[in-house]
Amino acid sequence: MDFERAIKRPFSDIQKFVIGALLNILPIINFLSLGYALKAAKLSLKKNAALPEWDGWGDLFAKGFLAIVIGLIYFIPAFTIFLIFGGSAMFSMMAGGFSSMAVFAAMGTSLLAALILSVVIGYVLPLALLSFVETERFGAAFEFEKIFRKAFKGDYFAAWVVSLFISVILTFVAAIIPFLRVILLPAASFASMMIMFTLIGEIYTEL
């Protein structure tokens, strides 16, 4: 993994970066930015660190939309755990079956379980998206045996941790700058996506 190249990549063409950062500000429109990051990821799979052109807007939007759908499907178990156990405890309290302390304990436990599961899902989700990008098949994102086999490799863990660390740093810096954070936070998010997909994309085929 070439960490320096991955970090520099989003900023190697300022015009392309600014387009992605600005599009990432608006809900729904930001599907284009995600689609572009996935387009860049496909080049990374071929060991190509160049930034793609901003073209094929319909395809970019569709790829971004499908990536969001994949993410939502992956997070269904975490949502379900919290809703079922937390919701059941709340309804039981309203019906007089549980004390408020028991309800808070049950909701806290369900929230903790949902958070732990969310971390696991967030860990494997980039691989699911790259599987989708590689094959251009929606179903490839749910080939769990292939995805989990790649997830438990040291190189992937290192790439994921570094990507997360960079994302936290960029988000923190963008958040502490007053007045400009409404622009800088989407820019940081776009840069983080590009860096993550570059790092993971470069090692994906070897995992």
Side-chain angles (χ1 to χ4, degrees), residues 1-75 121-142 147 156 159-160 162-171 173-175 180-205:
M1 287 177 286
D2 190 333
F3 295 107
E4 182 178 356
R5 180 173 63 182
I7 293 170
K8 289 181 177 179
R9 188 187 188 194
F11 313 104
S12 61
D13 187 318
I14 296 302
Q15 182 178 6
K16 292 177 180 177
F17 174 74
V18 168
I19 292 172
L22 292 177
L23 291 174
N24 208 35
I25 295 174
L26 300 173
I28 308 300
I29 301 298
N30 58 9
F31 292 172
L32 291 167
S33 295
L34 178 53
Y36 181 83
L38 294 174
K39 185 177 181 180
K42 190 156 191 175
L43 291 180
S44 295
L45 294 174
K46 303 173 183 177
K47 312 299 184 184
N48 185 346
L51 288 178
E53 296 299 323
W54 276 98
D55 54 18
W57 294 85
D59 185 62
L60 294 181
F61 187 88
K63 289 288 197 310
F65 172 76
L66 289 176
I68 294 295
V69 172
I70 290 169
L72 290 175
I73 292 173
Y74 262 81
F75 276 98
I121 292 168
Y123 179 70
V124 300
L125 185 56
L127 288 172
L129 294 177
L130 282 174
S131 182
F132 163 60
V133 168
E134 180 189 31
T135 62
E136 298 199 356
R137 291 189 300 106
F138 184 80
F142 305 96
I147 290 166
Y156 176 69
W160 186 83
V162 170
S163 299
L164 179 63
F165 177 76
I166 292 171
S167 176
V168 170
I169 294 299
L170 290 177
T171 301
V173 171
L180 295 178
R181 62 173 61 99
V182 68
I183 296 174
L184 294 180
L185 284 172
S189 173
F190 178 64
S192 298
M193 284 192 298
M194 293 289 294
I195 293 168
M196 177 188 69
F197 284 129
T198 299
L199 278 175
I200 298 174
E202 288 182 347
I203 64 170
Y204 179 82
T205 55

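Throughout, residue positions are numbered sequentially from 1 according to the sequence presented.
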Visitor: Measure up the W57 and W54 rings against each other and bin them: parallel (under 30°), tilted (30 to 60°), perpendicular (over 60°).
Guide: parallel
Visitor: Compare every heavy atom of A140 with every heavy atom of S131, then report the nearest pair and how far apart it is.
Guide: OG-O, 2.9 Å
Visitor: So does F65 have more than 12 non-hydrogen atoms from other groups sitting under 6.0 Å from CZ?
Guide: no
Visitor: Of all heavy-atom pairs between P10 and A6, which one has the smallest distance, and what is that distance?
Guide: CD-O, 3.4 Å
Visitor: Got a second to check how far K47's NZ is from E202's CD, nearest 0.5 Å?
Guide: 6.5 Å
Visitor: Can you see which heavy atom on R5 is nearest to which on A49, and at what distance?
Guide: CD-CB, 3.7 Å
Visitor: Atom CZ of F197 and atom CG of L38: how far apart are they, to the nearest 0.5 Å?
Guide: 4.5 Å
Visitor: Partners of I147 by side chain to side chain contact (heavy atoms under 4.5 Å, CB included), sequence neighbours excluded?
Guide: Y74, V124, L127, A128
Visitor: Does the distance from a Lys or Arg side-chain N to an Asp or Glu carboxylate O, for R9 and D2, drop under 4.0 Å?
Guide: no
Visitor: Heavy atoms only: give me the nearest Y36-P52 pair and the separation to one decimal.
Guide: OH-O, 2.6 Å
Visitor: Taking all atoms of both residues into account, what is the closest heavy-atom pair of A141 and I70, and its distance?
Guide: CB-CD1, 3.6 Å
Visitor: Given L125 and F75, is the side-chain contact (heavy atoms from CB on, under 4.5 Å) satisfied, shown in steps?
Guide: CA-CA 9 Å; L125 185 56; F75 276 98; 4.1 Å; yes
Visitor: Given 3.5 Å as the limit, does a donor-acceptor pair link the side chain of Y156 with the main chain of I203, or not?
Guide: no
Visitor: Kindly compute the distance separating CD1 (I73) from CG (L66), expressed to the nearest 0.5 Å.
Guide: 9.5 Å
Visitor: Is a donor on one side and an acceptor on the other found under 3.5 Å between the side chain of S33 and the backbone of N24?
Guide: yes
Visitor: Could you grab the distance from atom CG of L23 to atom CG of L34, nearest 0.5 Å is fine?
Guide: 12.0 Å
Visitor: Can you tell me which residue among V162, T198, I166, L199 is in a side-chain contact (heavy atoms from CB on, under 4.5 Å) with I7?
Guide: I166
Visitor: Report the distance from atom CE of M196 to atom CG of L129, rounding to the nearest 0.5 Å.
Guide: 7.0 Å
Visitor: Which atom names give the shortest non-hydrogen contact between L43 and A50, and what distance separates them?
Guide: CD1-O, 3.4 Å
Visitor: If only atom types and distance count, is the side chain of S163 paired as donor or acceptor with the main-chain N or O of A159 below 3.5 Å?
Guide: yes
Visitor: Do R137 side-chain atoms and F132 backbone N/O form a donor-acceptor pair below 3.5 Å?
Guide: no
Visitor: Test of understanding: with side chain to side chain contact (heavy atoms under 4.5 Å, CB included), list the residues that count as partners of D59, not counting sequence neighbours.
Guide: K63
Visitor: Can you tell me how far apart CZ (F190) and CG (L170) are? Round to the nearest 0.5 Å.
Guide: 12.5 Å
